[in-house]
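None of the values given here were measured: they were computed from a predicted structure. In listed order, ligands and their atoms are each counted from 1.
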Amino acid sequence: MASVTYDHVYKRFGDVVAVNDLNVHIEDKEFLVFVGPSGCGKTTSLRLLAGLEEISEGNIMIGDRIVNDVPPKDRDIAMVFQSYALYPHMSVYDNMAFGLKLRKTPKSEIDRRVKEAAEILDIGHLLDRKPKQLSGGQRQRVAVGRAIVREPAVFLFDEPLSNLDAKLRVQTRAQLTRLHQRLATTFIYVTHDQVEAMTMASRIAVMKDGILQQIDTPQHLYDHPHNVFVAGFIGSPSMNFFDATLVETDGKLEVNTGGFRVEVPEEKAKEWRQFKGREVIFGIRPEDIHAKPFVPPGILESDIRATVDVTELMGNEIFLYMVTKDNKQFIARVDPRVQAHPGEELEMAINMSNAHIFDPKTEVSLA
Ligand code: ATP
């Protein structure tokens with residue numbers, strides 16, 4: 001059993017509460033990603049599990065064993081660091097074999113494991129090289145190989161892709177997903193990059209200021225963010241937010257931002273009507289804002305006008321940086337056929353089926 005449980009875990013560094021009452025149960029064979037901005041406590045959460053930091057309060061369990069006082073080497077985990085931490089004077093083979101040699105694993109067993117890991121990672125031809133004779137991507141694979149040979153119950157990854165260039169990061173993401181499938185072991189991964197989290201995780205734990213904000217599958221997190229922070233953090237470009245009021249005119253519920261009014265379709269209004277008259281934060285993702293006439297069918301007519309500030313052509317879509325008449329900025333991801341020039345006014349439509357409202361005080365999702 002390689003499930004992992006954080007049970008009311010705290011980590012304090014003097015006055016700083018790096019991890020604040022963390023409760024997470026990670027299933028055996030899950031690929032869980034901790035994600036959040038710099039300083040949110042994700043690395044500390046991982047280091048507590050690895051035994052590299054001492055817990056201030058609470059329990060961490062691997063399987064059904066509390067590991068708070070178990071030395072790192074006896075936790076049956078292996079960690080891949082951002083820096084890779086390879087020994088420069090050793091060959092790739094010896095780097096991978098090193099931990100096993102320390103544990104006095106028989107030579108033939110070491111050889112079998114190193115060769116098997118090298119085969120999985122396609123680095124068999126590099127075993128005699130020294131780290132400085134490798135590319136960044138190859139070094140990264142050696143670091144992963146060193147973890148694989150340990151055959152741990154849980155793999156920990158601390159931003160292992162951040163030293164790679166953009167293209168290699170994308171390739172390596174897919175390799176790690178494949179590796180997870182092949183090894184069928186628990187992976188716990190830390191990153192500040194929400195794209196990495198979205199593409200690899202079976203579940204994502206979003207953290208901010210040491211506090212877990214939400215833990216969910218990537219799709220559910222995207223569609224049902226618990227609060228403004230999660231809504232803004234997951235998705236690129238970020239969700240647009242407007243201070244708004246929910247008003248009812250002639251039996252029709254509308255969102256009024258000051259800069260525009262947009263009708264709420266009846267199926268959504270059923271849920272939202274209870275907040276009538278209230279101030280809300282209105283959230284809408286860039287891909288749910290369309291420029292006329294390229295509006296998908298089924299979206300209610302609305303008369304939103306905004307001025308183009310900047311256009312970014314992405315090939316299969318255009319990012320439009322827009323300004324409303326009351327000077328609020330927002331981003332729309334629109335059809336590439338849209339002709340838009342800075343300074344021009346466009347008519348837009350919003351897919352309200354995917355809209356969100358949040359409480360302005362608590363910033364928690366209302367619906
Ligand atoms: P990053 O992505 O920048 O690594 P993070 O989300 O991983 O950030 P942590 O490294 O876990 O965040 O840090 C959480 C908080 O704890 C930060 O405020 C950090 O300054 C503080 N912290 C971390 N390690 C220590 C330490 N050894 N001593 C004092 N404060 C620390």
Undergrad: Determine, step by step, whether Y87 and F98 satisfy the ring-ring contact (aromatic ring centres under 6.0 Å, His included) criterion, reporting the C-alpha distance in whole Å, the side-chain angles of both residues, the deciding distance to 0.1 Å, and the verdict.
TA: CA-CA 9 Å; Y87 300 110; F98 186 68; 4.8 Å; yes

Undergrad: Could you note down all residue pairs passing salt bridge (Lys or Arg N to Asp or Glu O under 4.0 Å) where residues 229-247 supplies at least one of them, sequence neighbours left out?
TA: none

Undergrad: Using a side-chain heavy atom cutoff under 4.5 Å and only I, L, V, M, F, W and Y, what cluster partners does V247 have?
TA: none

Undergrad: Are T245 and V280 close enough that some pair of their side-chain heavy atoms sits under 4.5 Å apart?
TA: no

Undergrad: Can you list every pair that meets salt bridge (Lys or Arg N to Asp or Glu O under 4.0 Å) and has a residue in residues 119-138, with sequence neighbours left out?
TA: E119-R182

Undergrad: Give the residues near ligand 1 by chain and number, with the criterion being a heavy-atom distance under 4.0 Å.
TA: F13, V16, A18, P37, S38, G39, C40, G41, K42, T43, T44, E159

Undergrad: Looking at Y222, is R285 sitting on its ring face, NZ or CZ under 6.0 Å from the six-membered ring centre and within 45 degrees of the normal?
TA: yes

